[in-house]
> 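Dropping the structure in here first, questions after.
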Amino acid sequence: MGKAIAQYFKRIFDDYQVLVMVNPSDYTGTELILHPDGKVEKTEMTFDEEIFEDLAEDEFKPYSPLEFQLLLAKTLNP
């Protein structure tokens, strides 16, 4: 069986953005919060099987992983 491909989601709020990466095989992932001052906050997450429905209900939209990876790199090299 092949490795599951992570899925990426984003929502823009008034003064910050939330980006989420979900591994669909074990429902783990990472949440990045981009603050107005450019600071990126990283949180490792464990989700449940309803994460995709929850993200849709909260108006998160699927998007390309490139932006997520660039912001993730900022957390590693501040």
Side-chain angles (χ1 to χ4, degrees):
M1 185 168 160
K3 183 178 177 184
I5 297 174
Q7 296 183 36
Y8 298 84
F9 301 87
K10 178 179 179 179
R11 179 165 178 202
I12 299 172
F13 294 88
D14 290 336
D15 58 350
Y16 64 98
Q17 298 177 39
V18 178
L19 298 90
V20 180
M21 185 269 309
V22 179
N23 179 338
S25 64
D26 63 2
Y27 299 107
T28 60
T30 305
E31 176 185 79
L32 300 177
I33 299 173
L34 177 58
H35 296 275
D37 63 2
K39 179 183 176 221
V40 179
E41 183 179 339
K42 174 184 165 188
T43 307
E44 296 299 327
M45 308 287 289
T46 301
F47 306 106
D48 62 23
E49 301 83 26
E50 298 174 357
I51 184 58
F52 298 109
E53 292 85 3
D54 294 343
L55 288 167
E57 186 173 317
D58 291 339
E59 299 179 357
F60 279 79
K61 304 294 182 204
Y63 76 102
S64 167
L66 180 59
E67 182 179 1
F68 185 94
Q69 295 301 326
L70 291 171
L71 288 173
L72 182 60
K74 281 183 76 173
T75 67
L76 302 174
N77 301 310

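Predicted, not measured: the structure shown is a model, and the values here were computed from it.
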> Give the cluster check for Ile33 versus Phe68: same hydrophobic cluster or not, with ILVMFWY residues linked at side-chain heavy-atom distances below 4.5 Å.
no
> Taking only residues at least two apart or on different chains, which pairs with a member in residues 31-40 satisfy side-chain hydrogen bond (donor to acceptor under 3.5 Å, both in side chains)?
His35-Glu41
> Just jot down the salt bridge (charged side-chain N to carboxylate O under 4.0 Å, His left out) partners of Glu44, sequence neighbours excluded, or say none.
Lys42
> Treat each ILVMFWY residue as a node, draw an edge where side-chain heavy atoms are under 4.5 Å apart, and state whether Leu19 and Phe52 are in one component.
no
> Checking one residue: Leu70. Which other hydrophobic residues are in its cluster under the side-chain 4.5 Å linking rule?
Leu66
> Under the side-chain contact (heavy atoms from CB on, under 4.5 Å) rule, collect the residues that match up with Leu34, sequence neighbours excluded.
Gln17, Val40, Leu71
> Can you sort out the partners of Asp54 under side-chain hydrogen bond (donor to acceptor under 3.5 Å, both in side chains), two or more places apart, ordered by chain and number?
none
> Heavy atoms only: give me the nearest Gly38-Lys74 pair and the separation to one decimal.
O-NZ, 3.1 Å
> Show the numbers, then the answer: is there a side chain to side chain contact (heavy atoms under 4.5 Å, CB included) between Ile51 and Val20?
CA-CA 11 Å; Ile51 184 58; Val20 180; 5.7 Å; no
> My understanding is that a hydrophobic cluster links ILVMFWY residues whose side chain heavy atoms are under 4.5 Å apart, including indirect links. Using that, what else belongs to the cluster containing Ile12?
none
> Once salt bridge (Lys or Arg N to Asp or Glu O under 4.0 Å) is applied, what residue pairs with a partner in residues 13-22 remain, sequence neighbours excluded?
none
> Residues in ring-ring contact (aromatic ring centres under 6.0 Å, His included) with Tyr16, at least two apart?
Phe13
> Just how far is it from atom OG1 of Thr46 to atom CG of Asp26, taken to the nearest 0.5 Å?
8.0 Å
> Quick one: which residue pairs count as a salt bridge (Lys or Arg N to Asp or Glu O under 4.0 Å) with a foot in residues 60-70, not counting sequence neighbours?
Lys10-Glu67
> Taking side-chain contact (heavy atoms from CB on, under 4.5 Å) as the test, write out the residues that go with Pro62, two or more places apart.
Phe9
> Let me check something: do Val18 and Met45 share a hydrophobic cluster, defined by ILVMFWY side-chain heavy atoms less than 4.5 Å apart, either directly or through other members?
yes
> A quick test of your reading: do over 12 heavy atoms of other residues, nucleotides or ligands sit less than 6.0 Å from CD of Glu53?
yes
> Who pairs with Ala6 by side-chain contact (heavy atoms from CB on, under 4.5 Å), at least two apart in sequence or on another chain?
Tyr8, Met21
> Checking the side chain of Asp58 only, and the main-chain atoms of Phe60 only, is there a donor and an acceptor separated by less than 3.5 Å?
no
